[in-house]
Amino acid sequence: MASSSTPKYNSNSLESSSGKRTLKDGTNWEQNEEIPRLPGETRVTDKDVIYMCPFNGPVKGRVYITNYRLYLRSVENDPVVVLNVPLGVISRIEKMGGASSRGENSYGLDITCKDMRNLRFALKQEGHSRRDIFEVLTKYAFPQSHNLLFFAFANEEKFSENGWMVYNPMSEYRRQGLPNERWRVTFINEHYGLCDTYPSLLVVPYNATDDDLKKVAAFRSRNRIPVLSWIHPETQAVIMRCSQPLVGMSGKRNKDDERYLDIIREANGQISKLTIYDARPNVNAVANKATGGGYESEDAYPNAELFFLDIHNIHVMRESLKKLKDIVYPNVEESHWLSSLESTHWLEHIKLVLTGAIQVADKVSSGRSSVLVHCSDGWDRTAQLTSLAMLMLDSYYRTIEGFEVLVQKEWISFGHKFASRIGHGDKNHADADRSPIFLQFIDCVWQMSKQFPTAFEFNEQFLITILDHLYSCRFGTFLYNSEFLREKEKVTEKTLSLWSLINSEKSKYTNPFYTKELNRALYPVASMRHLELWVNYYIRWNPRIRQQQPNPVEQRYMELLALRDDYIRRLEELQITNSSKISSSSASSASPSQMVSHLQTHF
Amino acid sequence: LSLQEIHIKEPIEKEVNPRLLPGELLLCEASTVYKYIQEDGSNRGTYGKLVCTNFKIAFLDDDSASDDNEPQFKNKIVGENDITLQCVDQIYGVYDEKKKLLTGQLRKYPEKLIIYCKDLRVFHFCLRYTKEEEVKRIVSGIVHHSQTPKLLKRLFLFSYASAAPNNTDGRNQTVMFDTLEDWHNELERTKGNVKYKVVTTNEGYRVSEKLPLYFVVPICLSEESILKYEGRVIPIWCWSCHNGAALLKMSAFPKEQDDSTAQMQKAFLDGIYKTISKPPYELLKMDDLSSSLPSLQDIQTAYTRFKQLFLIDNSTDFWATDVKWFSLLESTNWLEIIRRVLKKAIEVAECLERQHTNVLLIEESATDLCCVISSLVQVMMDSHSRTKSGFQSLIQKEWVAGGHGFLDRCNHLHKSDKEEAPVFLLLLNCVWQLVQQYPPAFEFTETYLTVLSDSLYVPIFSTFFFNSQHQKDTNTSGESLKTQSGPFRFLTVWDWSVQFDPKAQAFLNNPLYAEKPKPDKSQRKTARFKHQRQLSLPLTQTKPSTKRGFFREETDHLIKNILGKRIGKFINSSDEPPNSFREFYDSWHSKPVDYHGLLLPRIDGPEIKVWAQRYLRWIPEAQLHGGGTIATAAKILDLMEEVQSLQVKMDEEHSQAV
């Protein structure tokens, strides 16, 4: 039976590798059996260990380490326990116990992962058995710290789709109806001379010259000038993104920046004020003046209205996720679950991000006003807000391909510092630059898809797959901090795109309930009453909590869809046979009612 | 009552008349009442007429032309602006911006009326533009008819039944458990008939007015012992598991007793337990629910706090409480009670399924928590209870025939607040957790549960408006009341066509229900086969009992308990390993789900959720326009319809072809 060979505790969520795995029960186990391997993946070492499973107790097994993954297979358990962990998810490796430690299983390795789990392996104390495995792991988990390349550069997988072709900035702007008589495409940043964290192609007001842009850049943190992210097809109101103005303690002003913002406002033919959303809490924005930053004052920008959205910085988010992990891993807080969850503030932050994005979207759509969004540098909270607002306003981004474009555009090309936030291949686990900003964005998307289960073409698996490969380093998609660096490293030439994997097997990531709706704005309810902890992601390692996969309702619905298509096909056949007056009763042997009972669905 | 009041009319206005049901009388009304639309906390709203009948309070929009956009899902009996008198929870008057609870006689009349409903709707009516006379009449009318104690016969149920006698045969597929045959069939269905029998001892309510006319007891129990203490401390059968183990319930002796009575009772109990612990009966485990579960008072307190979180006056309140939402929820303790009840049901299931022991649930009256636990256990263990008719039959068996005091627990007659406790709602909340965790296992949807909970307050069905079968019987005959023509033929709530047209009824059925495979399919081992096997070998099935003096000890405990010395739980007592529950739970969850087999709820913190459909549906701020679970439900229904029409077309083509 198929079900009996399913591992009881299968930590593998990287689907494509698990698909090839054929599981054997304990008796058929052979020491030299191949482990799943990607083209370009090479075996480095293996060792007998005891996996200290936090849920099922110690598990004897053999661990294999390749240049891509850590793979463990139990030797005694039935069903077989399997761990399949890309080394990229490893954040920290620690030795536990010393050569003289007493107590059973007290000597070994403790591995902290970026995806909400820890792995503990106990080893034999004799002969420093731990040293070489520790060294191998450290080397391959943190290639950047060892002058090695990411696995993505060794990966030789082949896919039917080329994910690098998904996003072409020019065609995306054309889809939005740009350039037009008010907005132009500029190549001023072609060689990243204006701003090295921006993409090469930018859309700016027609009435602003490249010279103007250069002057504005001088007044914006890291030269991240206001540029267009999205234009409303009807109101022509736009979403602009940028970094904070360099106001500083003395309250500096910049005529060019002031004029530029006015040009933006006028581009929409708008008489009312330009709305500026500063994602930060008011006090943080003020505090930023001390380091030369700040916000647009009313005096300097009389035609703009500024709102603070009270979203906290990367450090607060990191601490919040840490607290969340404390209450869900390895064990879910037993008593007072709800107040514990509340005290992590994780969902509260989600609420604030969503609330901010709703405000942005509503202003552009119902308020018919152009908006300017920034935080400090304009690559974390700003990316969250613009991309979520775009997701609410533009149904294209709710398709699989559209979402890929959105991530590619608002996050990857506009310099969200993936390398720093995730710490790809970097051993410095305590780096203050790390923060789950992108995870938080994906969580917001999940919350929206949960509230509107028919509005998104992609399913939960799509979002989880994106997050898995955010860490895995199997694809080049999320590597490096900016387009400039990615070009330098020739990422598109030398690595594969995550979208290749996804688009080659789209059906797996498709939400069967998706209903295409054009031009419908989608506003989630940013209330704690509707926000939920994403259990299938944050608590997926816990076999007690894990929900049935695939989702049974989705699956049954898909069966029904297949049945409908079959009926349509057979009906056509029947009509053809009938119309040609050949009454052949043997055309189809199974009667429709038999088909229905086969599906076992209640009518 | 006062028919003159019907003639008081507002001549100036365009006539808007309430739609009245048979037997429904207009009692009072007021014009130019302004009903606020909560949405933005502003003063937007509509003018209309507020009326009060012997059935409901209704607001009639002056602009009744807006009927064009009729909702897809509509109740035929109770409209969106109708509040049945039993559905009114609390009424507040607003005087100079201050809210005051309105009860009994009023001296001053408010400028605003706020009605909180038991189905969690909130209505705000402004009376500032209404004539003073009408204000007085409508406010005191509403308060009087909805908040003051009532006689049973004054329930609309009776007016309705005499004006519109029920001519349907009433026998849809739901088993009502009011006949001997129904119980026989149930025993046969569960193969309980080997060791248990239906008794007719209670015909004419000779034994007790609290017990149903017919009930099931162990075969070896004598009529004499049933009669001895009016059916108290008699183990009454609820259900038999496929392995022969049975779920039983028992009402305990009242506590305070003098010594000699206590001695006699102890001896009696001893006798009973001796008989039912011998083979063929399985080992017996007891669970005193009054000590192992929260009290009815705790449940009532928790729910009162919980529901308050959803009775929201305006937008400002909604957002002001939002950030602290989780801790507010937790402080009500309602979800924790649901968790504990589910956990208890799993414990009982473990005893029945894995330990092959009989489980005896004990409670003072055996009509409250016993009903919750026994129903839940059956929903979890018997896939028949997860079909619509099976679930309805279960409610009939355990609650309606079982004598749950719906009238008192819902406080329908406003007789005593002390008796009020949302016991039945607690069951629905627990079942909802299962439905949302395992949707394909249920033939019904969460919408079904929601409308069932709403039906608790619709007094045209007899189902939830009596305390016992005896009470219903004596009030149905009509003999006692000369003015009324009897016997009454009441409607049952299970006739869903009374409330919903077919289109709306479609939302009650789960189109993705994984129907049970036909038993004639070879290879498949179904529960039915197990039953048959057991039937042929009833005696070898049971394990040898009493090997460690188990029974003796338990009885002593029980007797001590019943005589007032409370001790801890019986289930999970020292006798078994402490982890047996966890082990059972974990091992079940590590296997793929069989939608027709045992179903255990997940009870970890994140898994116990708020029944959003029931509790959030009337809060404008929380509405998901075009979204929510109903969006998928609608899609599934559409596809179902399409498949069905294709099927019809194919059949047509087939017949043409032949």
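Sequence lines set the chain letters: A, B, ... in the order given, protein chains first and strands last, and positions in each chain run from 1.
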Name the member of B/Leu329, B/Leu328, B/Val610, B/Leu639 that forms the most heavy-atom pairs with chain A at distances under 4.5 Å.
B/Leu639

Would you indicate whether the side-chain heavy atoms of A/Leu338 and B/Trp325 approach each other to under 4.5 Å?
no

Under 4.5 Å from a heavy atom of chain B, the part of A/Tyr514 involved:
backbone

Non-hydrogen atoms of chain B under 4.5 Å away: do they reach the side chain of A/His336, the backbone, both or neither?
both

Looking only at heavy atoms, what is the nearest atom pair of A/Glu342 and B/Phe326, with distance?
OE1-N, 3.2 Å

For the CD atom of B/Glu653 and the CG atom of A/Leu571, what is their distance to the nearest 0.5 Å?
5.5 Å

Using a strict cut-off of less than 4.0 Å between a Lys/Arg side-chain nitrogen and an Asp/Glu carboxylate oxygen, indicate whether A/Arg529 and B/Glu621 qualify as a salt bridge.
no

Checking heavy atoms, do the side chain of A/Leu522, its backbone, both or neither come under 4.5 Å from chain B?
neither

Chain A contact via B/Thr321 - which portion, at a heavy-atom distance below 4.5 Å:
both

Counting only heavy atoms closer than 4.5 Å, note whether B/Lys324 contacts chain A via side chain, backbone, both or neither.
both

Can you say whether B/Leu335 sits under 4.5 Å from chain A via the side chain, the backbone, both, or neither, judging by heavy atoms?
side chain

CG of B/Asp651 to CG of A/Leu574, rounded to nearest 0.5 Å, is 10.0 Å

Measure the shortest side-chain to side-chain distance between A/Trp337 and B/Ile608 over non-hydrogen atoms and say whether it is less than 4.5 angstrom.
no

Part of A/Thr515 lying under 4.5 Å from any heavy atom of chain B
both

Side chains of B/Thr629 and A/Pro453, heavy atoms from C-beta outward: is any pair under 4.5 Å?
no

Under a 4.5 Å heavy-atom cut-off, does chain B meet the side chain of A/Ser527, its backbone, both or neither?
both

Could you tell me whether B/Lys388 atom NZ has more than 12 heavy atoms of other residues or ligands within 6.0 Å of it?
yes

Under 4.5 Å from any heavy atom of chain A - which part of B/Leu616:
side chain

Compare every heavy atom of B/Tyr513 with every heavy atom of A/Arg556, then report the nearest pair and how far apart it is.
NH2-O, 3.5 Å

Out of curiosity, A/Arg570 CZ to B/Lys649 NZ, how far, rounded to the nearest 0.5 Å?
15.0 Å

OG1 on B/Thr632 to CZ on A/Phe452, rounded to 0.5 Å:
12.5 Å

Measure distances from A/Leu341 to the heavy atoms of chain B and classify the residue's part below 4.5 Å as side chain, backbone, both or neither.
side chain

Taking side chain as everything from C-beta outward and backbone as N, CA, C, O, which of these in B/Tyr615 sits under 4.5 Å from a heavy atom of chain A? Side chain, backbone, both or neither.
neither

Is any NZ, NE, NH1 or NH2 atom of the basic residue among A/Glu334 and B/Arg582 found under 4.0 Å from an Asp or Glu carboxylate oxygen of the other?
yes

Identify which of B/Ala612, B/Ser331, B/Ser327 forms the greatest number of heavy-atom pairs closer than 4.5 Å to chain A.
B/Ser327

Select one option (side chain, backbone, both, neither) describing which atoms of A/Val553 are under 4.5 Å from chain B's heavy atoms.
both

So, does A/Arg564 use its side chain to make a donor-acceptor pair with the main chain of B/Val643 at under 3.5 Å?
no

So, B/His589 side chain and A/Pro543 main chain: donor-acceptor pair closer than 3.5 Å or not?
no

With a 4.5 angstrom heavy-atom cut-off, which part of B/Val323 approaches chain A: side chain, backbone, both or neither?
both

d(B/Met650 CE, A/Glu573 CD) to nearest 0.5 Å is 9.0 Å

Top of A/Ser339, A/Pro512, A/Pro524, A/Ser343 for chain B proximity - count of heavy-atom pairs under 4.5 angstrom:
A/Ser339

Ignoring hydrogens, what is the shortest heavy-atom contact between B/Gly626 and A/Arg520? Give both atom names and the distance.
CA-NH2, 3.7 Å

Can you confirm whether A/Tyr567 sits close enough to B/Glu642 that some side-chain heavy atom of one is under 4.5 Å from a side-chain heavy atom of the other?
no

Flag the pair B/Asp604 and A/Arg544 as a salt bridge only when some basic side-chain nitrogen lies within less than 4.0 angstrom of an acidic carboxylate oxygen.
no

Carefully, step by step, assess B/Asp322 and A/Lys351 under the rule side chain to side chain contact (heavy atoms under 4.5 Å, CB included).
CA-CA 10 Å; B/Asp322 204 51; A/Lys351 173 191 153 98; 2.5 Å; yes

Output the distance between atom CZ (A/Arg569) and atom CG (B/Leu646), rounded to the nearest 0.5 Å.
12.5 Å

For A/Glu348, is it the side chain, the backbone, both or neither that has a heavy atom under 4.5 Å from a heavy atom of chain B?
side chain

